[in-house]
Amino acid sequence: MKKGERAEGIIKEIKFPNKAAVHCEDGSVCIVKGGLPGQRVLFVVQKMRNGRGQGRLLEILKPADNETASPCPHFGQCGGCSYQTLPYEAQLALKEEQGKALLVPVLEKQEKEYRWESIHPNPAVYGYRNKMEFSFGDGVKDGPLELGLHKKGSFYDIVTVSDCQIVDGDYRRILEAVLDFFRERKVSYYHRLRHTGYLRHLIIRKGYRTGEILVILVTTTQEAHDLAPFCDRLLSLSLEGTIRGILHTKNDSVSDAVKNDETVILYGQDHFYEELLGLKFKISPFSFFQTNSRGAEVLYDIARDFIKEFRAREGGPQKPVLFDLYSGTGTIAQIMAGVAEKVIGVEIVEEAVEAARKNAEMNGLQNCEFIAGDVLQVLDEIEERPDFIILDPPRDGIHPRALKKILSYGVGGILYISCKPTSLARDLEVLLENGYEADRVTMADLFSGAVHVETAVLLTRKAR
């Protein structure tokens, strides 16, 4: 095969994240993004070297034997989900296989045996998300206004996902109402190349247990529009939940990311509440909170169980001092507060730290402290020494210098929660090389239909 050539082959394996290995009749292998094991696909070669290449998927010529029809009419157009045509048990098996492919070669370097526990399924396969970020744009050049997610493989084209299946009906009703409102008024969207226009994003957040809804409209300041009728349209909707706040966020950044230059309350309040494992959490527009409330409870139950096992060890502290690094709004810290003498959370986003403090006060937790700042710097300023450290970093994992400081504590146990097994594998290498061993490993699926998965690893320090 040569660059630019079209070729056919069968996908034999999928590597995280969603990298399909296509095996061709001539023995060559090409990696393409997308696809499922067993599919026969057509692709175009973009790069080739020593019989292995990279390409772009063009067409699925024959589905896999175990594929079924997707329940979502947008599947194949929308780039949001990749595994929806796989039966759910097959999705779980694929994710666990990908995790093992990355982590087992690292874990096998240790002498001590470890337990790999079966992947935990999503409590709700559909309608599980508590936050969605939709984009305004068009589906074809100079076409009508659309509101939804990016088309598969496109940075610019938008597909209106009015029947998206990973959210409940309230999200779909709000999306359709907002799109109709701005189409009727022929309001412009922000053009990512020309940097002109008004509408940028629509964010919807909803508490699964409380039913409280926050709607955030993100626009530029290039135009001025009366948004009172916009609020009236939303408040007239028949919803299962209740809209607690409608906000207008202004963002003049040239990047496509949601940034908050200023947020104005158009109606109600600038927060909503959610409940997890008996605790209540106040969530602001842009604070981090697990996007699957029921799945988060599964993950945090795993974390609590891991820490209980650490406490039960001979000579282990019954009321350990815990550090929760990369703590976000302090969800894990507060859930672990009942098994700790003290929990100290460190998070770089000040808004999240302030929310964590208020949540701890609201939940009557006196043994939680939250510090705003970069983990790399804050660890030098904390006087307490931890017995146990919880790590829940962003996708890219832990900065090497921060990891070095974490290792310097020499704590008895570490719980590493990761949303990206590739960065977890890298950091595990360092932890195992510096006196730690993995005891238990498991995965939790919080993103059914999509490629992502959470992994939790309990590590303990080797006896000296």
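Just so it is clear, the model here is predicted, and its values are computed rather than measured. Atom set for the values below is all heavy atoms of this structure, side chains included, hydrogens, waters and symmetry mates excluded.
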Geometric cation-pi criterion, [X] with [Y]: 6.0 Å, 45°:
X      : Y      : value
Arg461 : Tyr436 : yes
Arg357 : Phe370 : no
Arg385 : Tyr409 : no

Checking Leu279 against Leu277 for the side chain to side chain contact (heavy atoms under 4.5 Å, CB included) test, could you report, in this order, the C-alpha distance in whole Å, the side-chain angles of both residues, the deciding distance, and whether it holds?
CA-CA 6 Å; Leu279 297 178; Leu277 297 174; 5.9 Å; no
Charged N-O contact under 4.0 Å between [X] and [Y]:
X      : Y      : answer
Asp380 : Lys405 : yes
Lys280 : Glu275 : no
Glu454 : Lys95  : no
Glu384 : Lys342 : yes
Lys109 : Glu433 : no
Asp252 : Lys259 : no
Arg440 : Asp305 : yes

Return yes if a side-chain donor-acceptor contact under 3.5 Å exists between Tyr88 and Asn122, otherwise no.
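Judged by distance alone, the side chains do not pair up.
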Answer with yes or no whether the side chains of Asn130 and Thr291 bring together a donor and an acceptor at under 3.5 Å.
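No, no side-chain donor-acceptor contact under 3.5 Å.
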Measure centre to centre between the rings of Phe281 and Tyr273, then say whether the value is under 6.0 Å.
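Aromatic pair excluded; centres sit 6.0 Å or further apart.
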Minimum heavy-atom separation for [X] to [Y], with atom names?
X      : Y      : answer
Ala438 : Gln110 : N-OE1, 2.8 Å
Ala333 : Cys368 : O-SG, 4.1 Å
His74  : Asp163 : NE2-N, 2.9 Å

Checking side-chain contact (heavy atoms from CB on, under 4.5 Å) against His150, which of Asp256, Val159, Asp157 comes through?
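For His150, the side-chain contact (heavy atoms from CB on, under 4.5 Å) check succeeds only for Asp256.
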